[in-house]
Amino acid sequence: MRIMLAPLLASLVAAGLTGCADAPPPPPPPVPVAVAAPPPPSTPPTIAPICGRPAEKAAFAIAALKTQLVVTAISCQQHDRYNAAILRFRPNLVAQEKTLGGFFSRAYGRQAVSQQDDYSTTQINQTSQVGLRKGTAFCTAALPMFDQVMALKNGDELVQYALAQNFEQTLTVPDCDAAPAGTKAQTKP
C-alpha cells in the first residue's frame, strides 16, 4: 500500500505547491488597431503677389491638370496611361512649364524656384487629399480623364480642356485683365 500512496501523496504535494504559487501574469493588452484618419482639410489658397497674364493662367491650369493626372495614375495604377498622355503633349507641356516659371520669376524674383517647388508640392498634396476623401469613388470619377485628354487633337485643345476643368488651385492668381485700377505696378515686366 505504501507504493500506492506515494504517487497519491506526490500528486497532493504537487497540487498544494501549485496552489500556493503566484497567479500567472495577465495576458498583454490587445494591440490597438490603426484606423485610417481622414486627411486634414485642404489649406486655403494663398494669393499671388502679382496678377497673371492669360498665358500664365493657362500654364497654371495645365499644371493642375498634370497634377490631377499624376495623382490618378499613382492612386489607380495607371502609369502607362499617364506616360502616354505626357508623351503625346510633351512639347506643349514643356512650353507651359516655361511659362509657369516665367510667372514665378516675375512674382518672386530670387525665390522663384523655391516658390514654384512649394506651389507644386502643395498642389499635389491638396489633390491627393481630395482623392483620399473620395475613397474608392476617386478612380471611378478620375479615370475617364485619361480618355478625354487622349482624344484632344493638339496643345491648344489641351489648354482649353484644362481651363474648363477649373481645378482647385493652392495659389490664387488674379487675372491681370481683372486687376483693380492702381495695381499695374504689380504686373512687373
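Only this structure's heavy atoms are used, side chains among them; waters, hydrogens and symmetry mates stay out.
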Minimum side-chain heavy-atom gap [X]-[Y] below 4.5 Å:
| X | Y | result |
| --- | --- | --- |
| Phe89 | Ile62 | no |
| Phe167 | Thr67 | no |
| Thr140 | Thr136 | no |
| Leu158 | Leu65 | yes |
| Val159 | Gln96 | yes |
| Leu100 | Glu56 | no |
| Ile86 | Leu93 | yes |
| Val113 | Ser105 | no |

Smallest separation among heavy atoms of [X] and [Y], with atom names:
| X | Y | answer |
| --- | --- | --- |
| Asp175 | Lys57 | OD1-CE, 2.7 Å |
| Val173 | Ala48 | CG2-CB, 3.9 Å |
| Thr99 | Ala55 | CG2-O, 3.6 Å |

Short side-chain to backbone donor-acceptor contact, [X] and [Y], under 3.5 Å:
| X | Y | answer |
| --- | --- | --- |
| Asn154 | Asp156 | yes |
| Ser75 | Thr72 | no |
| Arg88 | Met150 | yes |
| Gln78 | Cys76 | yes |

| said: Any donor-acceptor pair under 3.5 Å linking the side-chain atoms of Gln123 with those of Thr170? | reply: yes
Inset, instruction - For the residue pair Tyr108 and Gln116, confirm or rule out a side-chain donor-acceptor distance under 3.5 Å. - result: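 Checked: Tyr108/Gln116 side chains show no N/O donor-acceptor pair below 3.5 Å.
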Counting the benzene-type ring for Trp, do Phe104 and Tyr119 have ring centres under 6.0 Å apart?
yes
Discussion item. Rounded at 0.5 Å granularity, tell me how far CD1 in Ile74 sits from CG in Leu69.
Written reply: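 That separation rounds to 11.0 Å.
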Rounded to the nearest 0.5 angstrom, the CD-OG distance for Gln115 and Ser120 is 11.0 Å
In plain terms, say whether Asp147 and Arg81 are close enough for a salt bridge, that is, a side-chain N and a carboxylate O under 4.0 Å apart.
yes
*Could you give me the CA-CA distance, side-chain angles and deciding distance for Thr46 and Thr172, then say whether side chain to side chain contact (heavy atoms under 4.5 Å, CB included) is met?*
CA-CA 6 Å; Thr46 57; Thr172 300; over 6 Å; no
